[in-house]
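Structure, as structure tokens:
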Amino acid sequence: MSSGRTIVVGITGGIAAYKAVNVVRAFVLRGDTVQVVATPAALRFVGKPTLEAISRNPVHTDLYEGVAEVRHVAIGQSADLIVVAPATANSIAKLAAGLADDLLGNTILASTAPVVIAPAMHTEMWNNAATVANIATLRARGVTIVGPGVGQLTGSDSGAGRMAEPDTIVAAALAALAAAENGRASSDLAGKRIVITAGGTREPLDPVRFLGNRSSGKQGVALAEAAAARGASVILIAANLEVPAPTTVDLRPVNSALDLERAVTEAAVGADVVIMAAAVADYRPVTVRADKIKKDDTGDSLLLELTRNPDILAGLAARKAPGQGLVGFAAETETDPDRLLALGRAKMARKGCDFLVVNRVGWSEGFASDHNEVRVLDRRGDIVCEASGTKMSVAGHILDLIS
Ligand code: C5P
């Protein structure tokens, strides 16, 4: 099966090069033709035979090979999309300066295809003013930047600079390709301010316990990452995420529903779009004990009195400025698709948002999974989008609607 598309995967010399193998594999399995252009330094981290076997094509490294077929220009001209993963600080600097002292630099300069890069480096290098300026230059030029994330780095240290996961890179790359094919800029959300809530709130019972839910935050984080990659300035209100937050967003950690309400109310002022992907507790304990609840004091049963939390989404809808977009989520355990949709329509009427993303959750579906299957309703309750796949690809569909 061939998609008819040629993807050039540029691999530069960082330890994350070993993960680039999975990026190559994901494109090959989709039916794309993959041409790997690896720098000599990249081949110190991952072997040419591995890349040739996985890409099913020769790997190109040397500027002075294939001169008769003008390879330094031909590869770039054949590309529908160029993905550089990992992109080291050095390769980013060269790209920003338009240098062509190796095969990858020539390939990129000779191509008109969209370019997606996945930076990977130590935190100090990512935060260095030179790298910050180079990234700004590339972004202004329409290059899509995916990641890096915050997390464990090569050594025992952790911080910003970890390469985005292969799935995330591939999804961002396909979104950039789709944008280019539809004649839309890959930075179609540039200049937009988007507030996204993600994760699950925790309602404290005492200093060590809480009432919570199983939301991992993966869908909200994917939305934040994808929106930032498309040029939006993103505030991510993060309630107890189980996944690393992207470094490309303004991160505001919260804990309980009331914390989240305060943070989102403040952030929503002046925002173009607010996306409420977080699972917010409907109830919280009436009293929060100052000391740990003791079995000896409570006996064989313990009755907790709960009170309703404010409906934050409905509140935002009631107060929203003209022109502001508001997206809600409805995660339901209903198994019948028609009844699920009916629940979604009733919720849309109650909440008053512009779009409602309806999905099914269960013991093994929805929350912690890397995949999602959603239907999006508009104000009238009509289905305006159906999407299934990785949470990153679902995020792309939701952002297309918003865009
Ligand atoms: O009412 P339900 O919890 O099913 O609604 C889900 C949607 O409403 C989600 O977008 C969630 O973020 C939001 N929500 C809220 N405040 C609550 C409960 C849910 O904003 N107290």
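Note that ligands are numbered from 1 as they come in the structure, with each ligand's atoms numbered from 1 the same way.
- Residue V264 forms a side-chain contact (heavy atoms from CB on, under 4.5 Å) with just one option from V280, I196, T197, and that option is T197.
- Judged as a salt bridge (charged side-chain N to carboxylate O under 4.0 Å, His left out), and not counting sequence neighbours, the contacts of D101 are K94.
- With sequence neighbours excluded, the residues satisfying salt bridge (charged side-chain N to carboxylate O under 4.0 Å, His left out) with R162 are E165.
- A heavy-atom cutoff of 4.0 Å around ligand 1 is satisfied by the protein residues M276, A278, V280, A281, D282, P310, D311, I312, L313, G328, F329, K347, K351.
- Within a 6.0 Å sphere centred on CZ of R25, heavy atoms belonging to other residues, nucleotides or ligands number 12 at most.
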I'd like a table of donor-acceptor pairs (distance under 3.5 Å, sequence neighbours excluded) in which one partner is a side-chain atom from residues 128-135, with atom names and distances.
| residue | atom | partner | partner atom | Å |
| --- | --- | --- | --- | --- |
| N128 | OD1 | A130 | N | 2.8 |
| T131 | OG1 | M125 | O | 2.7 |
| N134 | ND2 | A130 | O | 3.1 |

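- Within 6.0 Å of atom CG in D291, 12 or fewer heavy atoms from other residues, nucleotides or ligands are found, so the atom counts as exposed in its surroundings.
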